[in-house]
Amino acid sequence: MLANLHFKNDRNDIKGITNCFFNIIKYRNILGFISAVFILISSNNTQAKTLIYCSEGSPEGFNPQLFTSNTTYDASSVPIYNRLVEFKTGTVDIEPGLAKSWDISSDGKVYTFNLRKGVKWQSTKYFQPTREFNADDVIFTFDRQFNKENKYHNISGGHYKYFEETGMSKLISKIEKIDNNKVKFYLNYPEINFISNLAMDFSSILSKEYSENLLKKGIPEKIDTNPVGTGPFQLIIYKKDKNIKYKVNPDYWGEKPKIDYLIYSIIPDATIRYEKIKNGKCHVMSYPKLSDLENIKKDNNINIVKQPGLNVHFISFNTEKKPLNKLEIRKALSIAINREAIIHSIYQDSSQISENIIPSIMLGHNKSIKNYQYDPIKAKNLLKQSGIKDDFSIELWTIPEGQNNTNTYDIQKMAEMIKADWAKIGVKAKIVNYNKSSDDYLKYSNSGKNQAIIMSWNSNNGNPYNLFKELFNCSKEKGNTLNYSHWCYKPFNEKIDLAHSPKVTIQQRIDFYRHAQMIMHNNLPIFIIAHSQILEPVNKKVTGYLVDPLGKHHFDKIDLNE
């Protein structure tokens with residue numbers, strides 16, 4: 001396979017070149033002639049290293065401003081672009097990126113970023129930059145998203161979902177260029193999430209010079225399909241639903257990757273991805289089936305790299321709908337669920353039972369809370385004491401198959417297990433799989449017609465405020481569609497708002513979040529089931545690979561020991 005082809009690229013060695021061409025022809029049907037040619041023409045005397053990643057799908061495009069899937073981010077923002085600040089790989093800690101430092105005004109409304117000097121834009125067959133990265137690129141990147149008068153605002157649809165959902169469009173007042181290497185953001189109000197938002201994929205910095213070049217040519221949409229970034233890898237070729245090929249950016253400003261080429265082999269079927277990594281045809285695979293884990297663990301050529309995920313799986317009870325408006329009923333339904341059996345059967349023991357909504361690796365986790373324990377006898381007694389008759393029935397909704405935001409567990413099977421547990425206490429459950437698009441499903445769920453829904457949530461920036469405000473937002477006018485429990489409790493929301501205040505210390509913020517979790521625990525608007533781990537099968541030849549808790553895949557720090 002191509003990943004194992006190593007050539008001494010001495011242009012003066014005619015014999016070596018000849019042998020190299022024979023090897024190219026021999027292997028051209030495996031991963032393509034083009035990749036081999038790029039290896040051949042490399043002028044250094046080191047062995048070329050190619051890492052192959054078996055990806056789950058094709059990207060929606062190559063501009064992370066416009067899309068929200070990790071599949072797209074894996075193909076665009078992670079390898080090709082940089083941001084002013086970055087999440088340190090393997091964590092949600094913030095570190096400098098294209099901004100080497102920054103200062104915040106005393107009122108929390110002005111952020112001054114000192115930009116790195118000497119950062120070069122990628123040179124490609126469709127664009128040759130004439131200058132280095134500077135403040136103009138930063139201003140263009142964000143102005144495109146919040147300024148409707150920007151010539152690029154409506155290009156490619158003009159929908160910037162995460163920019164809007166994080167409130168950045170209302171938060172940013174203006175951006176000012178101080179000089180080429182300094183830029184100021186003026187905010188309409190203090191926002192403690194601002195720096196974290198700048199590390200998110202939609203904040204990837206695009207080239208203003210490239211945008212102007214494309215406008216002159218009359219093809220501005222190419223900025224979203226033919227990317228030019230400052231990141232560790234640059235795009236060579238993309239074949240939809242087949243593969244994406246990158247080479248190392250020779251002018252990368254950061255630590256240069258140890259591999260030379262990166263290939264994404266696009267394989268939607270997890271079973272086929274597993275066969276590929278098992279047979280040595282890829283080095284890393286995305287989203288393994290839990291049913292395959294036992295066999296993967298037994299494979300001497302594969303490591304399973306783990307990381308606790310920033311996620312939570314739960315049942316949301318509609319607290320406005322009778323009889324679920326009674327705490328005793330919600331408690332009875334909760335303690336009737338055998339979570340240990342679910343963990344063993346559904347998650348194949350790859351997850352941990354969750355005691356509270358915030359994952360253990362996130363700020364504000366309250367380890368003192370112990371979730372309600374499985375007790376079907378007590379559950380039955382609670383129902384009886386509440387005056388519930390034996391013919392009590394409930395609808396349990398599940399998100400459409402294949403559209404839940406965690407695709408490594410069987411949500412339908414989980415629903416069947418919960419239905420069986422509730423039957424043991426005399427509750428008849430009807431499983432409703434609303435077979436529409438996920439957007440329609442969420443709108444229908446928020447209508448108030450639901451009783452109970454199996455849901456999951458994944459963090460996009462590691463901040464607990466986003467979790468609480470998305471899932472328990474009381475402001476109907478904000479168009480919130482995630483408060484499936486319809487739970488609006490003033491003492492809880494007061495704690496969340498206090499935790500979000502820029503005036504509190506880190507310890508105070510932690511205390512507010514912990515107190516809020518205790519309030520939630522006592523009111524049971526949701527019953528928390530598990531936090532799932534992120535599992536990455538990785539060939540043992542790969543070293544230095546770190547799992548991203550945000551669910552993306554980074555290859556700039558790895559090495560291959562062939």
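Atoms considered below: every heavy atom in the structure, side chains included; atoms not considered: hydrogens, waters and symmetry mates. If you read the sequence from its start, that first residue is 1, and numbering goes on from there.
A donor-acceptor pair under 3.5 Å links the side-chain atoms of Q145 to the main chain of F202, judged by distance alone. With hydrogens and angles disregarded, no donor-acceptor distance shorter than 3.5 Å links the side chain of Q234 to the backbone of P79. In terms of modelled atom types and a separation under 3.5 Å, the side chain of R509 and the main chain of L363 share no donor-acceptor contact. In this structure, the side chain of S345 does not engage the main chain of I342 through any donor-acceptor pair within 3.5 Å. In this structure, the side chain of N279 engages the main chain of E275 through a donor-acceptor pair within 3.5 Å. Counting only distance, with no hydrogens or angles, the side chain of Q348 and the backbone of S291 share no donor-acceptor pair below 3.5 Å. Using modelled atom types, one side-chain atom of D74 and one backbone atom of H553 make a donor-acceptor pair closer than 3.5 Å. A donor-acceptor distance shorter than 3.5 angstrom exists from the side chain of T166 to the backbone of Y162, with no hydrogens or angles considered. Between the side chain of T141 and the main chain of L206, a donor-acceptor pair closer than 3.5 Å is present. Looking at S58, its side chain does come within 3.5 Å of a backbone N or O of D241 through a donor-acceptor pair.
Using a 3.5 Å distance cut-off with no hydrogens or angles, the side chains of H365 and S360 do not pair a donor with an acceptor. E221 and S156 share no side-chain donor-acceptor pair at under 3.5 Å. Counting only N and O atoms by type, the side chains of S265 and N243 include no donor and acceptor under 3.5 Å apart. With 3.5 Å as the limit, one finds no donor-acceptor pair spanning the side chains of N366 and N356. Checking K120 against T230 by side-chain atom types alone, no donor-acceptor pair falls below 3.5 Å. In this model, a donor atom of one side chain and an acceptor atom of the other lie less than 3.5 Å apart for D143 and N150. For E164 and H159, the side-chain atoms include no donor-acceptor pair closer than 3.5 Å. For the residue pair N461 and N197, a side-chain donor N or O sits within less than 3.5 Å of a side-chain acceptor on the partner.
Ring-plane geometry between Y238 and F62 is classed as perpendicular, the angle between the planes exceeding 60 degrees on a 0 to 90 degree scale with a lower cut at 30. In this pair, H313 and Y347 present their aromatic rings tilted. The plane angle is within the 30 to 60° band. Below 30°, between 30° and 60°, or above 60°: for F233 and Y246 the angle between ring planes is above 60°, a perpendicular geometry. Between Y53 and Y264, the ring planes lie perpendicular to each other; the angle is over 60°, past the 30° to 60° tilted range. Between F163 and F146, the ring-plane angle classifies as parallel under the 30° and 60° cut-offs.
Partners of F67 by side chain to side chain contact (heavy atoms under 4.5 Å, CB included), not counting sequence neighbours, listed by chain and number: E60, T72. With sequence neighbours excluded, the residues that form a salt bridge (Lys or Arg N to Asp or Glu O under 4.0 Å) with E86 are R83.
Between K256 and D556, no side-chain nitrogen of the basic residue sits less than 4.0 Å from a carboxylate oxygen of the acidic one, so the salt-bridge criterion is not met. Using a 4.0 Å cut-off between a side-chain N of Lys or Arg and a carboxylate O of Asp or Glu, R144 and D224 qualify as a salt bridge.
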Output side-chain donor-acceptor pairs under 3.5 Å for residues 297-308, partner residues at least two apart or in another chain, one line each.
from, atom 1, to, atom 2, distance (Å)
D299, OD1, N301, N, 2.8
Q307, NE2, G90, O, 2.8
Q307, NE2, V547, O, 3.4

Using the rule given for ring-ring contact (aromatic ring centres under 6.0 Å, His included), can you reason through Y484 versus F317, listing the C-alpha separation, both sets of side-chain angles and the distance that settles it, and then say yes or no?
CA-CA 7 Å; Y484 313 108; F317 298 117; over 10 Å; no

Start with the C-alpha distance between W121 and F133, add both sets of side-chain angles, then the distance that settles side-chain contact (heavy atoms from CB on, under 4.5 Å), and finish with yes or no.
CA-CA 6 Å; W121 288 99; F133 156 77; 3.8 Å; yes

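Taking the side chain as every heavy atom from C-beta outward, F113 and V138 never approach each other to under 4.5 Å.
Considering D269, T71, I267, N70 in turn, T71 is the only one that fulfils the side chain to side chain contact (heavy atoms under 4.5 Å, CB included) rule with E56. The only option from N82, D201, N63 that meets the side-chain hydrogen bond (donor to acceptor under 3.5 Å, both in side chains) definition with S77 turns out to be D201.
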